[in-house]
Amino acid sequence: MRVSKLFTRTSKNAPADEVAKNAQLLIRAGFVYKVMAGVYAYTPLGLRTLEKIKQIVREEMNAVGGQELIMTSLQNKTTWEGTGRWSDEAVDVWFKTKLQDETELGLAWSHEEAIMEMMQQYVKSYKDLPTSVYQFQTKLRNELRAKSGIMRGREFVMKDMYSLHATQEDMDQYYESVITAYNKIYTRLGIGDSTFVTFASGGSFTKFSHEFQTICDAGEDILYVNEDRSVAVNEEVLDDATTELGVDKATLTAIKSAEVGNIFKFGTEKSDKMGIYYIDATGAKQPIYLASYGVGITRVMGVLVEKFADEKGIVWPESVAPYKVYLVRIGGDDAVKHADELYVELTSKGIEVLYDDRDERPGAKFADAELMGIPYRVTVSDRLIEANQYEYTVRSSGETIILTHDELIDKIS
RNA sequence: CGGGGUGUGGCGCAGUUGAUAGCGCGCUCGGUUUGGGACCGAGAGGUCGAAGGUUUGAGUCCUUUCACCCCGACCA
């Protein structure tokens, strides 16, 4: 992609109505556009990063046998009445609307009821279990107060997976495999070291749910972690969990963190409430065990910005950067020729290159490369061309080295 | 939802005791520049969130309303 063709532009000023670092930088760099409080559009650069995060999650969900589908944002009132979650008293984040004939509809804030309702069409026998489905869906939640930029919006993208099982043992075993898969996800996203499986509230079938909490100053949660990092507990269940685990509270340290995933077991709750059963080998009706697994895709994107950004701008982990290389061109006709050639060469090798072909001062190009957080910057300039050299700079470290053409290709292929 | 704050060209801001708006960035054109957000010159662009009111006169005062931000509460 040529920077001259990008319809977004960078900005030196952060909008005054954003305080959150993630929103300020993402807007300045041209990754998101704010539509209203808690509602953001994703422009081309932002969409690329979002899709990369999704792809990592997708691969790991597929690896544990998840089958991708997509539900709808419009939901039936009756779907939710079955579990007592249609009323505004039970769920205070509902957006509701009506068909022209006055039929009430809900705008999806979650999908477990909808998924279960659909799955009962297909899961009839023990032979159909276990099964697991997931989606990347936009969730709509009428939050009283949006905050923290894209980390807590009224509209956001979530990956939610649901696994259905014939027995608790099977559910438990699968649940553990998903924890492993989640750990792989966060490692691939570059936050493996700072992400913990945490005891949290919200369990219905079990006493606790598990949250994946990433250490992050911009987070909303307080995490309590022990010395060797083997125990992590959300503040909201600190007393309960430490008692349960037999851990002395005093040995835990409080750290600010952001929730990047939440998984929990419903057990047979939904099955019972919704009247959904399977037939076992003896012909008897049995309840279905359900567990659900969420990753806030857009929130993860915000957390990555918050965690890695420096004074110059965003620093994307390579795995989610919109482009791998930012190609800076400095100079006249000769530089144009060489940079164009390099752009074609790299692109043809499948390397994602953002080529700054604008007639801008070098400083402006360097600043934009840094603001956008592209992992590697390659500079082609008149004086480098004369020496048959290329400059290669790593965004995260700032390290710059001079390479020959072949060394460069080798380095970034 | 309770409390606090802010709305003035695309963005960031200024606008004194009321007298029909100004700066920086960005944008357009011309020229000079070209390794860390260039410079000179010439331009375009706002009725001051909205509605109502007071006044000879309102961006400045009053009322209502909308939006946005922060703290708290909330977060299956």
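If you're wondering where the values come from, they're calculated on a predicted model, not measured in any experiment. Proteins get letters first, then strands, A, B, ... in listed order; numbering begins at 1 in each.
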Hey, is the side chain of [X] pairing donor to acceptor with the base of [N] inside 3.5 Å?
X: Asp368(A); N: G37(B); value: yes
X: Glu360(A); N: G37(B); value: no
X: Arg377(A); N: G36(B); value: yes
X: Glu370(A); N: G36(B); value: yes

Looking only at atom [atom1], what distance separates [N] and [M], rounded to whole Å?
N: G15(B); M: C61(B); atom1: P; result: 12 Å
N: G37(B); M: C23(B); atom1: P; result: 25 Å
N: U33(B); M: A19(B); atom1: C1'; result: 45 Å
N: G9(B); M: C25(B); atom1: C1'; result: 12 Å
N: G49(B); M: G12(B); atom1: P; result: 14 Å
N: C27(B); M: G53(B); atom1: C1'; result: 39 Å
N: C39(B); M: U34(B); atom1: P; result: 14 Å
N: C48(B); M: G18(B); atom1: C1'; result: 14 Å

Would you mind reading off the distance between [X] atom [atom1] and [N] atom [atom2], rounded to a whole angstrom?
X: Ile330(A); N: G37(B); atom1: CD1; atom2: P; result: 12 Å
X: Glu81(A); N: A76(B); atom1: CD; atom2: P; result: 22 Å
X: Gln24(A); N: C69(B); atom1: CD; atom2: C1'; result: 11 Å
X: Ile27(A); N: C25(B); atom1: CD1; atom2: P; result: 22 Å
X: Arg154(A); N: C68(B); atom1: CZ; atom2: C1'; result: 11 Å
X: Lys21(A); N: C70(B); atom1: NZ; atom2: C1'; result: 18 Å
X: Asp88(A); N: A76(B); atom1: CG; atom2: C1'; result: 14 Å
X: Lys365(A); N: U34(B); atom1: NZ; atom2: C1'; result: 10 Å

Should [N] form a Watson-Crick or G-U wobble pair with both distances under 3.5 Å, which nucleotide is its partner?
N: G10(B); value: C25(B)
N: A38(B); value: U32(B)
N: A19(B); value: U56(B)
N: C74(B); value: none
N: G45(B); value: none

Give a yes or no on whether a salt bridge exists between [X] and [Y], defined as a side-chain N under 4.0 angstrom from a carboxylate O.
X: Glu59(A); Y: Lys184(A); answer: no
X: Lys52(A); Y: Glu352(A); answer: yes
X: Glu112(A); Y: Arg85(A); answer: yes
X: Glu51(A); Y: Arg48(A); answer: no

Ring-face cation contact, Phe156(A) with Arg141(A), 6.0 Å cut, 45° max: no
Lys NZ or Arg CZ of Arg229(A) over Phe196(A) ring: under 6.0 Å, within 45°: no
Can you tell which of [options] lies closest to the side chain of [X]?
X: Arg361(A); options: U33(B), G36(B), C68(B); answer: U33(B)
X: Ala37(A); options: C68(B), C27(B), A76(B); answer: C68(B)
X: Asp359(A); options: A76(B), U34(B), C68(B); answer: U34(B)
X: Ala364(A); options: G37(B), G35(B), G26(B); answer: G37(B)

Using a heavy-atom cut-off of 4.0 Å across all strands, would you classify [X] as base, sugar-phosphate, or nothing?
X: Glu391(A); result: base
X: Lys139(A); result: nothing
X: Ser381(A); result: base
X: Arg329(A); result: nothing

Hey, is CD on Glu104(A) packed in by over 12 heavy atoms from elsewhere, all under 6.0 Å? yes
Can you check whether Phe264(A) and Phe266(A) have ring centres sitting under 6.0 Å from each other? yes
Do the two ring centres, one from Tyr182(A) and one from His210(A), sit under 6.0 Å apart? no
So [Y] and [X], do their side chains get closer than 4.5 Å, heavy atoms only?
X: Met151(A); Y: Val303(A); result: yes
X: Tyr42(A); Y: Val32(A); result: yes
X: Arg395(A); Y: Arg377(A); result: no

Taking only N/O atoms, report every protein-nucleotides 11-14 of chain B pair under 3.5 Å with atom names and distance.
from, atom 1, to, atom 2, distance (Å)
C11(B), O2, Asn13(A), ND2, 3.3
G12(B), OP1, Ala16(A), N, 2.6
G12(B), O4', Asn13(A), ND2, 3.2

Sub-3.5 Å pairs of nitrogen or oxygen atoms, protein against nucleotides 71-74 of chain B:
from, atom 1, to, atom 2, distance (Å)
C71(B), OP2, Arg145(A), NH2, 2.4
G72(B), N7, Arg145(A), NH1, 3.4
C74(B), O2', Asp92(A), OD2, 3.2
C74(B), O2, Arg152(A), NH2, 3.0
C74(B), N3, Arg152(A), NH1, 3.4
C74(B), N3, Arg152(A), NH2, 3.3

Can you tell me how far NZ of Lys12(A) sits from CG of Leu371(A), rounded to the nearest 0.5 angstrom? 12.0 Å
I want to confirm an ordering. Mapping Phe366(A) and Val91(A) to their closest nucleotides on RNA chain B, which one lands closer to the 5' end? Phe366(A)
Does Met36(A) or Lys12(A) map to a spot on RNA chain B nearer the 5' end, using the closest nucleotide for each? Lys12(A)
